[in-house]
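Written out below as structure tokens is the structure these notes cover.
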Amino acid sequence: MNIYDAIIIGGGACGLMCAAQAGLLGKKTLLLERNDKVGAKILISGGGRCNYTNTGTTIANFISENPDFLHGIFKQWTVEDTIDFFEAYGIKGQEKTLGQLFPETNKAKDIVAIFSKILYETEQDIALNTLVKSVEKSTNGFVVQVENSKGAFQYETKKLVIASGGLPVQKLGASDFGLRVAKQFELEIVKTAPALVPLTITGKDADWYTSLAGNSVFSKVSTANMSFEENILFTHWGLSGPAILQISSYWKPGQEITIDLLPNFNLEQLIKEERQQGGKRLVSQLLNDYFSRKLVDALGKFLTLDIKIASLSKADAKSIVDTVHRFKVKPAGDKGYDKAEVMRGGVATAELQGKTLESKKIPGLYFGGETVDVTGWLGGYNFQWAWASGYAIAQAI
């Protein structure tokens with residue numbers, strides 16, 4: 001029977017980095033993965049291109065009950081460390097927008113291939129298509145019961161790493177396993193919810209959004225305490241696109257969101273300038289300068305479009321400005337975990353050691369990646385957390 005320095009449950013970004021770094025330190029690990037290959041979510045991320053970090057990463061880009069907790073991990077593994085690590089194995093990054101780094105090859109599989117190479121060269125063991133049935137505390141550490149096509153097995157280990165991810169996306173093997181283990185050992189869990197997820201619209205306005213499906217508009221989307229400026233996308237079910245995914249992590253059911261459909265212009269000033277030039281153009285003609293014909297026509301539900309700007313009353317002008325700059329939306333809900341990029345909430349950081357991510361209550365038990373109450377923005381931040389948490393745990397096991 002192999003004696004492992006640690007068993008790592010979950011072959012995603014955090015688990016792979018943890019096993020790779022442990023191997024580079026001369027340690028022996030067993031990586032348990034329920035899928036038929038490692039890195040399933042890495043492979044589909046960024047449309048198969050993998051936005052593997054963000055050059056602008058700070059703790060302000062993360063949601064957690066205690067964001068300051070991240071300092072202890074990010075000091076150990078920085079964005080520069082991520083860039084250097086991948087460059088050392090032949091992956092050069094290219095920045096697309098807003099600090100987002102992708103491999104120059106635009107192939108997520110190149111990222112996964114690096115970890116496969118390191119795990120092979122450092123002789124780490126990987127068990128694919130293997131479902132973990134239970135985890136129990138033992139006098140020497142932990143007993144892990146597993147099942148695969150060959151039958152049922154058990155492993156013993158002094159150190160156990162839970163890197164099994166969150167609840168998105170079920171078809172890729174996502175489950176609540178990490179949360180169940182935390183509950184089993186009576187660790188506090190911050191309430192979970194889908195994050196970076198499209199929002200749904202139902203009721204009397206649903207058809208209006210459906211009619212605009214496929215239209216994308218650069219906008220500023222706000223809740224009471226947060227805003228993002230990126231594209232929004234109208235869909236058959238409501239709203240998606242980067243700005244919507246970002247705000248969804250802060251949105252709570254029942255809340256209203258405000259959309260500025262023209263954040264880089266002052267429509268009040270544009271109307272004033274049109275008036276100074278005679279105001280002969282129609283409202284629709286002014287709006288056509290900035291929006292698609294389809295969106296302008298749709299805005300006709302809320303505005304009078306076929307009126308000359310010179311003829312606008314103050315009330316009419318104000319209505320146009322308010323509709324475009326302060327468009328109010330009350331989502332019915334979100335598309336759930338299967339359409340979410342990540343999970344918000346998870347194992348409370350108060351339960352974990354600040355440098356090692358080891359459970360304070362259960363020595364030898366570690367939690368990393370999405371299982372922990374650390375949720376990044378869209379744009380490579382969640383990968384940076386996964387790499388950093390995997391590295392930190394590897395140093396400790």
**Study point:** Sidechain N-carboxylate O distance under 4.0 Å for Asp334, Lys339
**Key:** no

Practice item. Determine whether the side chains of Gln384 and Thr53 contain a donor N or O and an acceptor N or O closer than 3.5 Å. Key: yes

Exercise for review: List, by chain and then residue number, the residues other than Val342 in its hydrophobic cluster (Ile/Leu/Val/Met/Phe/Trp/Tyr, side-chain heavy atoms under 4.5 Å); write none if there are no others.
Suggested key: Leu196, Leu245, Leu378

Exercise for review: With side-chain contact (heavy atoms from CB on, under 4.5 Å) as the test, would you mind laying out the steps for Tyr250 and Ile257 before giving the verdict?
Suggested key: CA-CA 10 Å; Tyr250 294 87; Ile257 62 174; over 6 Å; no

Review point. Regarding Thr349 and Asp373, is there a side-chain donor-to-acceptor distance under 3.5 Å anywhere?
Key: no

**Study point:** Atom NZ of Lys361 with >12 non-hydrogen neighbours under 6.0 angstrom
**Key:** yes

Exercise for review: Kindly give the heavy-atom pair with the smallest separation between Tyr381 and Thr57, and that separation in Å.
Suggested key: CD2-OG1, 3.6 Å

Review point. Would you call Ile7 and Thr29 a side-chain contact if the rule is heavy atoms closer than 4.5 Å?
Key: no

Practice item. Measure across Pro331 and Leu199 and return the closest heavy-atom pair with its distance rounded to 0.1 Å. Key: CG-CD1, 3.9 Å

Check your understanding: Checking Lys96 against Phe102: charged group under 6.0 Å from the ring centre and within 45 degrees of the axis?
Key -> yes

Review point. What's the verdict on side-chain contact (heavy atoms from CB on, under 4.5 Å) for Ser134 and Val146, showing C-alpha distance, side-chain angles and the deciding distance?
Key: CA-CA 7 Å; Ser134 68; Val146 306; over 6 Å; no

Review point. Is the ring centre of Phe383 less than 6.0 Å from the ring centre of Trp387?
Key: yes

Check your understanding: Does a side-chain heavy-atom distance below 4.5 Å link Val143 with Val135?
Key -> no

Check your understanding: Do Phe62 and Phe74 make the cut of ring centroids closer than 6.0 angstrom?
Key -> yes

Practice item. Flag the pair Thr130 / Glu147 as yes when at least one side-chain heavy-atom distance between them is below 4.5 Å, and no otherwise. Key: no

Check your understanding: Taking all atoms of both residues into account, what is the closest heavy-atom pair of Leu187 and Ser359, and its distance?
Key -> CD2-OG, 3.9 Å

Check your understanding: Which one of Val161, Thr371, Val132 satisfies the side-chain contact (heavy atoms from CB on, under 4.5 Å) criterion with Ile9?
Key -> Val132

Review point. Would you say the side chains of Asn225 and Thr223 form a donor-acceptor pair under 3.5 Å?
Key: yes

Check your understanding: Are any side-chain N or O atoms of Thr200 and backbone N or O atoms of Gly333, one a donor and one an acceptor, separated by less than 3.5 Å?
Key -> yes

Review point. With distance as the sole criterion, is a donor-acceptor pair present between the side chains of Asp322 and Ser319 under 3.5 Å?
Key: no

Review point. Do Thr258 and Lys328 meet the criterion of a side-chain donor-acceptor pair at a distance under 3.5 Å?
Key: yes

Review point. Can Tyr391 and Asp81 be counted as having a side-chain donor-acceptor contact under 3.5 angstrom?
Key: no

Exercise for review: Over all heavy atoms of both residues, which pair between Gly390 and Met17 is shortest? Give the atoms and the distance, please.
Suggested key: C-CG, 4.2 Å

Check your understanding: Counting only heavy atoms not in Lys360, do more than 12 fall under 6.0 Å of its NZ?
Key -> yes

**Study point:** Distance-only donor-acceptor check, side chains Gln94 and Asn106, under 3.5 Å
**Key:** yes

Check your understanding: Has Lys137 got its NZ or CZ under 6.0 Å from the middle of the six-membered ring of Phe142, at an angle within 45 degrees of the ring axis?
Key -> yes

Point to revise | Nearest heavy atoms of Gly166 and Ala174, plus distance in Å | key: O-CB, 3.4 Å

**Study point:** Gln76 side chain vs Lys355 backbone, donor-acceptor pair below 3.5 Å
**Key:** yes

Study note, to complete from the structure: Tightest non-hydrogen contact, residues Asn215 and Ser292, listed as OD1-OG, 2.7 Å

Review point. Between Glu268 and Lys272, does at least one N-O distance fall below 4.0 Å, as a salt bridge requires?
Key: no

Check your understanding: So does Tyr120 have more than 12 non-hydrogen atoms from other groups sitting under 6.0 Å from OH?
Key -> no

Review point. With a 3.5 Å cut-off and no angle check, do the side chains of Ser313 and Asp316 form a donor-acceptor pair?
Key: yes

Practice item. Without swapping roles, check the side chain of His325 against the backbone of Asn266 for a donor-acceptor pair under 3.5 Å. Key: no

Practice item. Measure centre to centre between the rings of Phe228 and Trp377, then say whether the value is under 6.0 Å. Key: yes

Review point. Strictly by modelled atom types, are Asn35 and Glu33 linked by a side-chain donor-acceptor pair under 3.5 Å?
Key: yes

Review point. Side-chain donor-acceptor pair under 3.5 Å between Gln145 and Gln154, yes or no?
Key: yes

Check your understanding: Taking atom types as modelled and ignoring hydrogens, do the side chains of Asp110 and Thr105 form a donor-acceptor contact shorter than 3.5 angstrom?
Key -> yes

Review point. When rounded to the nearest 0.5 angstrom, what distance separates CD1 in Ile118 from CD in Glu123?
Key: 14.5 Å

